[in-house]
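Residue numbering restarts at 1 for every chain, and letters A, B, ... go by the order of the sequence lines.
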Amino acid sequence: MHALNWLLINLGNAAQWLWEALKSACAAAWDGVDFVLNPVLSPVLAVLNPLCTALADGAYFVLSPLPVWLGLAIISVLTGAVMLIAFRYTSNQKAIGRARDDITANLLALKLFKDELGVTFRSQGRIMGALLRLQWHMLRPLLIMLLPMLLLLGQMGARYQWRPLRPGEQTLISLRLAPAHASLVDAQLDSGPAAIIEAGPVPGGGELVWRVRAGEPGRHMLRVNIAGATVEKELVVADTLKRVSAERLGSRWTSQILHPTEPLLPAGGPVDSIAIQYPAVQSYLYGANWWILSFFVLSMASALLLKPVFKVRF
Amino acid sequence: MNDTPFPSLSSACGQSTATRPRRAYALVLLPAVLLLMTEPAYAYIGPGAGFAVGTTVVTLFFAFFAALGALFLWPFRWAIRVLRRRRAHGRASFKRVVVLGLDGLEPTLVERYLAEGKLPNFARLKQSGTYQRLATTAPAMTPVAWATFLTGCNPGKHNIFDFLTRDKRTYLPELSSAQIRPPRKTLNIGKWRIPLSKPDIRGLRKGKPFWNILGEHGIFSNIIRMPITFPPEKFRGVLLSAMCVPDLRGSQGTFSYYSTNDWGAGDSPRVEDYTGGEQVRVQREGNVIRSHLVGPVNTIATNGGPLRCPFEVRVTGADQAVLKVDGQSIKLTRGEYTPWVRVTFKAGLGVKVRGICEFLLLETEPEFRLYVTPIQIDPGHPALPISHPKVYAPYFARLLGPYATMGLAEDTWGLNARVLDDAAFLHQCVEADDERADMFFDALEKTRHGLCVCVVDGPDRIHHMFWRYLEPDHPAYHGQGGRECRNAIEEMYVRMDELVGDTLAECDDDDTLLLVISDHGCTSFRRGVDLNCWLEQNGYLRLKPDGRGQKYLAGVDWSQTRAYCVGLTGIWLNLRGREAQGIVDPADAPALREEISRKLSGLKDNDGATAINRVFDAHKIYNGPYKSEAPDLIVGYNRGYRVSWEAAIGQPTDELFRDNTKAWSGDHIVDPALVPGVLFCNRKLAAQDDRAPHIADLAPTILGLFGVEAPPHMDGRPLTVS
């Protein structure tokens, strides 16, 4: 028993070490990728994001008379159809079909020849091989569709993840300082009619935090004066669901994808990011973290239903 | 943050600045990195990729548990077999028996090519094992002989005597092996007729295949394209049906020929050559030709005619065109077949019937001509049951792609009608054989224990259609055809030898017994004998005043007719109580059979050559419950003779002998002693009483090899294997 415990503990430790090593390796690999991609993608996104935001604003203006869930459903179904067509023309349909057929044939072989253990194991191996081939053939359409899909998800996230503050509602505004200015404790927040400042700034952990109460409805611009610089952040006060940006960040293209509706903070300034604690949207159909599930299910269902119409294999 | 008086911003917002970069990784990197994500929502990057990942997981799940299940259940399944005393494998002489059937392989040609050293693999089999001629059935026909092979019985017990039989009420010819009738119960709603039951598909072959008996003893069988197995029966094993599987229209093969000129005009085929196909006259509008494929009858519409699938051909050059059909765009090149094209016929109410066919562009200028093979049942979505279990046909479709499913996959009618040339027909034969070989080798790989049988049809079809090249004085020999056509038969034997070589490599172990057999041989078909003409000349058949030349016996005066011919093998008496308008008293039938047999035996051609060697009385050569269903007399023709094309379809003429000028120039429906099959084995094999082995002996032999006693009703006797 002692030996078994020792074995299990050491196996667990080894697995954890491997997991951490894998994560570290991925992080290191990512840093390399990021180093290469950032100078290329950041300017591209700087151009694309305002365009996408304008397009999305237009689309949501058209959908605004409809219930929120219906708008989400329409977007999901249309996205499913468009991505399906894009998939058809960017993938090697013949090779995907071949891999799919191999998988099906070998699954059927498992059923047809179940008394032949050799067939069972050979079919297993062939299924694995066909699955690898299938993943390989998915790579090209996946990479091609990656950017438009991320842009779309960013825009949808800005509309379904958080809701605007209601007038009189309390929240926190947090300003993360750049490492070179981490010791700063003094900053002035000019909230205008958007909010009433109730407390702050409170320094700590490299951040300055204000507690505010939402003011007049509208799309407002907060201004923070710090170390001779002025940093702006949008604040939305409304009773209905509108596009909001929970955080404005700087320096990385990944931030541009996650928070596409506001421009990046200027590089080299005293502020690393500025965030507003918007309340999460409460709905099991389109609320925070649920909208992505609805989108996933509906776009997949529409793709599945339209698959025979467009004669697509995946 | 903990030292502030405020709650954590990041946790409230569902995000952490510390994890921000990690989420970004997940946005970009592929599945391996997805594992590291803290928020999987953003991993979704479209339906295609979503399904890819989803189905991969599901597939892995099923595959893993299927394997685990098989592994776990295997000992139990084995134990159950033991408990049921079905340890036939324990008493078996071999773990596996493989039968490769080469339909129609002719012993005289085999022996000639063996002597010339052209068949090294057959020679190896002969040297290390057995080669003998294999006696066949009377009549020596594919459906009859293979039915005897699989039941071990004479035709009187399996009820197959010909491709065709006749309807006793109408005298019309009909298929002898299967009947397909629409569903019995339907619900009529407006213009729709909803079927409430399945179509009635009935096999007419009787008797139990020996692999059913093996299955009862726990032995698995894998049967590929064995004739006369449609509709497929349930048994312990897998089976893909062959001969008598219809095309999508329910016929035994109807090709389509689209042309801008009339049949018979210019160089196009003559109208009198038409059989087994149809011409559709099309109009050219600029460079575009529009028409439709004809499918099965729409059974769910009350006024339903044949279903149609429109297509369009756009001529793009002298020898090029683009075909658009069923949402597909396919390039056509003159003289080249397309791959199998899947086509869908929509019946309404969401019902679709799927088929496959190949297109062959024959000409673009000055006339447009396009050939389409008979539209066959799509093996991926079979409209009729063509395999056991049902998924076996789709299994091959997934594994190998679409393949010919029709019983007679090669379009002999297309060549007979000269819509196809020799090379185009040969292509079909080679393609069908290649498909068959792929299936066979998959079956060999999958079946390490039990029985594995595959029949290859190419030899039979090539003999039939290219025999004229062996005899320059054959009436059908016109000197045409390229080298590959002139040598088609010899090259077919070489291909079969290579197939045997590959099979030997797969069976190169002490636990496998390999049999390579043919059901019958082949000989020349130079002259057709119009038996109805002979019967008329000898007073047994009387025609109506305008009856001559009418097909399907429509011109026969039944009130004065005692015997008639329809089908390929023999003569029926117009028996009272059996035929609807019968006049022959059953008590007189034996004498009448004897009389006709005596007169017809030794029939001479105009030049004095013997046309008919002997005539068999079916009631004497058959035994079993179905012998009364046989033609009363089976005609044993001499080499070079066969029933005429006209007599086969019940069309009396005034010419007793007629030259056969069709491409179908070889045949085997002659005296069975003239066309035995072949029997090769990788072991020494002999009949116990030194008689020649018979095709009926193989079923009891194989049962014996697996330690299973042959049932007493079998007519064959086991061969001795050493």
Side-chain angles (χ1 to χ4, degrees), chain A residues 23 26 30 80 83-84 87 91 101-105 107-121 124 127 131 134-135 138-139 141-142 145-146 149-150 153 172 174 176 202 204-205 207 209 211 246 252 254 257-258 273 275 277-278 280 288-289 292 296 299-300 303 311 314, chain B residues 1-7 9 12-15 17 20-25 27-33 36 41-42 44-52 54 56 59-60 62-64 66-67 70-71 73-74 77 220 238 327 389 391-392 394-399 401 445-449:
Chain A
K23 285 203 288 187
C26 285
W30 172 250
M83 299 307 275
L84 186 72
F87 185 83
S91 61
D101 285 346
D102 281 352
I103 291 168
T104 310
L107 283 172
L108 288 173
L110 292 175
K111 173 182 163 60
L112 290 167
F113 307 103
K114 50 183 175 284
D115 280 350
E116 293 278 1
L117 282 180
V119 174
T120 300
F121 292 123
Q124 285 281 341
I127 288 168
L131 283 172
L134 184 65
Q135 297 302 323
M138 292 288 176
L139 205 56
L142 193 143
M145 286 193 279
L146 187 64
M149 205 65 194
L150 289 175
L153 286 170
L172 303 175
S174 170
R176 173 164 281 277
V202 177
E207 288 187 341
V209 180
R211 189 176 70 213
R252 296 178 85 95
T254 48
I257 287 174
L258 288 170
S273 72
Q277 185 184 339
Y278 284 109
N289 299 327
I292 190 82
F296 176 82
S299 60
M300 294 272 273
K311 297 185 187 297
F314 47 68
Chain B
M1 292 291 283
N2 293 340
D3 54 357
T4 71
F6 305 101
L9 281 175
C13 292
Q15 59 182 325
T17 49
R20 200 179 298 140
R22 202 179 294 163
R23 189 167 72 187
Y25 305 158
L27 290 170
V28 182
L29 293 182
L30 295 173
V33 181
L36 303 176
Y42 280 84
Y44 179 56
I45 44 175
F51 274 108
T56 298
T59 306
L60 280 173
F62 275 109
F64 176 74
L71 200 62
L73 291 175
W74 189 85
R77 297 170 67 89
F220 185 87
V238 291
V391 295
Y392 197 42
Y395 161 74
F396 275 131
R398 298 287 188 171
L399 190 72
E445 187 211 320
K446 299 289 192 303
T447 313
R448 311 308 295 186
H449 303 82

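B/Arg398 contributes atom CZ, which lies 10.5 Å from atom CG of A/Leu107 (distance to the nearest 0.5 angstrom). With rounding to the nearest 0.5 Å, the separation of OH in B/Tyr392 from NZ in A/Lys111 is 14.0 Å. In this structure, OG1 in A/Thr104 is found 11.0 Å from CG in B/Leu399, a value given to the nearest 0.5 Å. Atom-to-atom distance recorded for B/Thr447:OG1 and A/Leu112:CG is 10.0 Å, nearest 0.5 angstrom.
The greatest number of non-hydrogen atom pairs below 4.5 Å with chain B, out of A/Pro141, A/Ser91, A/Ala105, is found for A/Ala105. Options A/Thr120, A/Leu117, A/Ile127 differ in how many heavy-atom pairs under 4.5 Å they form with chain B, and the most are formed by A/Leu117.
For A/Glu116, the side-chain hydrogen bond (donor to acceptor under 3.5 Å, both in side chains) partners at least two apart in sequence or on another chain are B/His449. Applying the side chain to side chain contact (heavy atoms under 4.5 Å, CB included) test to B/Lys446 and every residue at least two apart in sequence or in another chain returns A/Ala109, A/Phe113, A/Val119, A/Arg126, B/Tyr395, B/Asp442.
Contact annotation for B/Val391: both backbone and side-chain heavy atoms come within less than 4.5 Å of a heavy atom of chain A. Only the side chain of A/Lys311 comes within less than 4.5 Å of a heavy atom in chain B; its backbone stays farther off.
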